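Worksheet: the structure to be examined is printed underneath.
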Amino acid sequence: MTSLMAVGTSNSIDGLFGLERWDLGGGGRSLNAAACPLSLKWVAGRNVDEKACLKLAGDETAIVPISAAELDRVTMNVDPLEPRKWNRELNFLPKPLSALDLVSSSQGSNVRVAYQGVPGAFSEDAALKAYPMCETVPCEQCEVAFKAVELWVVDKAVLPIENSLGGSIHRNHDLLLCHRLHIVGEVQLAVNHCLMAMPGVRKEEIKRVLSHPHALAQCEFKLAKLGVIRQNVDDTAGAAQFVASNNLKDAGAIASARAAELYGLNIIEENMQDFSHNITRFLILAREPIIPGTDRPYKTSVVFSLDEGPGVLFKALAVFSLRDISLLKIESRPQRKRPLRVVDGLNHGTAKYFDYLFYVDFEASMAEPRAQNALSHLQEFATFLRVLGSYPRDLSDC
Ligand SMILES: O=C(O)C(=O)C[C@]1(C(=O)O)C=C[C@@H](O)C=C1
């Protein structure tokens, strides 16, 4: 009989916290996740650290690297109800936390953060601003980043929500509602768009410019002046990567200076955006909400819909002003699944109105009674209300 133990990258046990059982399949018994030193990295079978290994105990003892395929074949022969016995028998004892662990953990040293794009994207910069020591995980689409958090492949996702030049990013507002993640923080990032091209290529030779549609829109004036064709791609760094990997001599990319360096492009012009002070605000999303405090300025984001009637939106917003709560942002989005509301008018027959969802950010923490009272009051008019998150405001310099 063979027993198995995982050793090595055991630093994200917190990532498994809350999961009762982790069944490794293969007909084996499930293992109590809270007691199991497997890292999420390991369990997901992605980017497996070379140090991670399986120790085969019993008749034979060998150290072998873990592969994703092996995860499927693993048979656990451990009594899930007796983690202490398991630790003792298999010679694994958890290492006590040191003060150093706490410092590095506050910088996100064992946090995996998903973002949309490839390395060098502004969203990756935002993730690194929030968690300077985190491991960033590129995702093809924003939707994938949401799912990666839901499926425990990563701990958090960072997604753009609005830009000072382009306004709200509607797609990500909609995604917030399609998924059940919580906003646990925000990051404001100064976005400096650079025009870049292959080494040796001159500005006059550039006939087309590739970038994320938001980035192209933020550089509208200068690109119009250049008279180039604009080509949309999934992200700014992806544009730089595409120009470099295809050795394009007639194309440029709009991306960050970091992307130019990563993909070996020359920066032709910096500050391509229409106004030099260009800020994008990103949300940090997680599976669990944070416990809001009152120790620093907090913001709460909610989304609601309202019944029809005279002045309902006015009444809904008054619940905040009545309690001296400042509104920071309001955004309305049509109800995508049920766009029109049919209302019986007394004198004019039936009318069909657009029906909206209202996304509101207000300046208070859910730990404050005035915020709780405002939302109970709002519930009197709302047909639907969801708190998306209550989190510290980003007041840092951009
Ligand atoms: O393409 C990128 O680099 C991104 O991170 C996306 C994105 C966005 O969607 O708004 C982020 C910041 C800038 O506003 C431009 C693009």
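For clarity, every value in this text was computed on a predicted model and none was experimentally measured.
In this structure, the separation between CZ on R281 and CD1 on I161 is 7.0 Å, given to the nearest 0.5 Å. To the nearest 0.5 Å, atoms CG (L306) and CG (D355) are separated by 9.0 Å. Here the NE2-CG distance, from H170 to L175, works out to 13.0 Å after rounding to the nearest 0.5 Å. In this structure, the separation between CG on N278 and CE on M272 is 12.5 Å, given to the nearest 0.5 Å. For the atom pair CD1 of I206 and CG of D250, the computed distance is 9.0 Å after rounding to the nearest 0.5 Å. Separation of atoms CG (L357) and CD (Q335) is listed at 4.0 Å; rounding is to 0.5 Å.
Not a single donor-acceptor pair under 3.5 Å links the side chain of N266 to the backbone N or O of M198. A donor-acceptor pair is defined here as one N or O able to donate and one able to accept, closer than 3.5 Å; such a pair exists between the side chain of H212 and the backbone of H214. The backbone N or O of K156 sits nowhere less than 3.5 Å from a side-chain atom of R112 that would complete a donor-acceptor pair. Within the 3.5 Å criterion, the main-chain N or O of Q372 finds a donor-acceptor partner in the side chain of S376. Remark: side-chain polar atoms of E368 are not paired, donor with acceptor, to backbone N or O of T294 under 3.5 angstrom. Of the possible donor and acceptor atoms, one in the side chain of N163 sits under 3.5 Å from a partner among the backbone N and O of L165. Looking only at distances, a side-chain donor or acceptor of S211 sits under 3.5 Å from a matching main-chain atom of I254.
Inter-residue side-chain proximity for E135 and N110 is flagged as unmet; no heavy-atom pair is nearer than 4.5 Å. Residues E124 and P119 are in side-chain contact: their nearest non-hydrogen atoms beyond the backbone lie under 4.5 Å apart. Here the side chains of L283 and L176 are in contact, with some heavy-atom distance below 4.5 Å. Between E270 and H193 the shortest side-chain heavy-atom distance does not fall below 4.5 Å. Side-chain contact check for E162 versus I169: every heavy-atom pair is 4.5 Å or farther apart. Side-chain contact between F242 and L210: present, with at least one pair of heavy atoms (C-beta onward) separated by less than 4.5 Å. Using a 4.5 Å heavy-atom cutoff, the side chains of K315 and H377 are not in contact. Counting only heavy atoms from C-beta outward, the side chains of P160 and S123 approach each other to under 4.5 Å.
Both I325 and L313 are part of a single hydrophobic cluster, where members link through side-chain heavy atoms under 4.5 Å apart. Using a 4.5 Å cut-off between side-chain heavy atoms of Ile, Leu, Val, Met, Phe, Trp and Tyr, with links allowed through other members, I229 and L248 fall into different hydrophobic clusters. Under a hydrophobic-cluster definition in which Ile, Leu, Val, Met, Phe, Trp and Tyr are linked whenever side-chain heavy atoms come within less than 4.5 Å, directly or via other members, L385 and L328 are assigned to different clusters. Connection of V137 to V118 is not established within any shared hydrophobic cluster, with ILVMFWY side chains joined at heavy-atom distances below 4.5 Å, either directly or through further cluster members. In the hydrophobic clustering of ILVMFWY residues, with side-chain heavy atoms under 4.5 Å counting as a link, V158 and V144 come out apart.
In terms of heavy atoms, D394 sits closest to E186 at N-OE2, 2.8 Å. Across every non-hydrogen atom of M196 and A240, the tightest pair is SD-CB, 3.9 Å. The two residues D155 and V149 make their nearest non-hydrogen contact at O-CG1, 3.7 Å. Smallest separation of non-hydrogen atoms from P292 and S365: CB-OG, 3.4 Å. Among all heavy-atom pairs drawn from A374 and V319, the shortest one is O-CG2, 3.5 Å. Taking all atoms of both residues into account, the shortest heavy-atom contact from I268 to V201 is CD1-O, 3.8 Å.
In this structure, a donor-acceptor pair under 3.5 Å is present between the side chains of N271 and Q273. S305 and T383 share a side-chain donor-acceptor pair at under 3.5 Å. A donor-acceptor contact closer than 3.5 angstrom is absent between the side chains of Y263 and S245. The closest side-chain donor-acceptor pair between S168 and K329 falls under 3.5 angstrom. In the model, S301 has a side-chain atom that pairs as donor or acceptor with a side-chain atom of D361 under 3.5 Å. In summary, the side chains of E288 and H182 do not present any donor paired with an acceptor at a separation below 3.5 Å, with no hydrogens or angles considered.
Using a 4.0 Å cut-off between charged side-chain N and carboxylate O, R180 and E150 make no salt bridge. Using a cutoff of 4.0 Å between basic side-chain nitrogens and carboxylate oxygens, R258 and D125 are scored as salt-bridged. K222 and E269 are joined by a salt bridge, as a carboxylate oxygen and a charged side-chain nitrogen come within less than 4.0 angstrom of each other.
Shown here is F384, whose CZ atom has more than 12 heavy atoms of other residues, nucleotides or ligands within 6.0 Å. Other residues, nucleotides and ligands place more than 12 heavy atoms under 6.0 Å from the NZ atom of K129. The environment of E205 atom CD is dense: over 12 non-hydrogen atoms of other residues, nucleotides or ligands sit within 6.0 angstrom. In the displayed structure, L395 atom CG is contacted under 6.0 Å by more than 12 heavy atoms of other residues, nucleotides or ligands.
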query = Please walk me through it: do E331 and H173 pass side-chain hydrogen bond (donor to acceptor under 3.5 Å, both in side chains)?
reply = CA-CA 9 Å; E331 180 71 38; H173 279 81; 4.9 Å; no
key: Residue pair I279, V191: steps toward the side chain to side chain contact (heavy atoms under 4.5 Å, CB included) verdict   = CA-CA 6 Å; I279 311 291; V191 171; over 6 Å; no
task = Dump the intermediate steps for side chain to side chain contact (heavy atoms under 4.5 Å, CB included) on L226 and L195, then the final yes or no.
result = CA-CA 11 Å; L226 274 179; L195 174 66; 3.9 Å; yes
query = Going through the checks in order, is the salt bridge (Lys or Arg N to Asp or Glu O under 4.0 Å) test met by R333 and D174?
reply = CA-CA 8 Å; R333 296 284 299 141; D174 297 340; 2.8 Å; yes
key: Working for side chain to side chain contact (heavy atoms under 4.5 Å, CB included), residues L317 and I330   = CA-CA 10 Å; L317 298 181; I330 174 160; 4.0 Å; yes
Trace of the side chain to side chain contact (heavy atoms under 4.5 Å, CB included) decision for C134 with L128 = CA-CA 7 Å; C134 74; L128 291 166; 4.1 Å; yes
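Taking the six-membered ring where the residue is Trp, F358 and F304 present tilted rings, their angle falling between 30° and 60°. Between F362 and F320, the ring-plane angle classifies as tilted under the 30° and 60° cut-offs.
Sorted by first and then second residue, the pairs that involve residues 227-240 and meet salt bridge (Lys or Arg N to Asp or Glu O under 4.0 Å), not counting sequence neighbours, are E220-R230.
Remark: A130 pairs with V187, I284 by the side chain to side chain contact (heavy atoms under 4.5 Å, CB included) rule, at least two apart or across chains.
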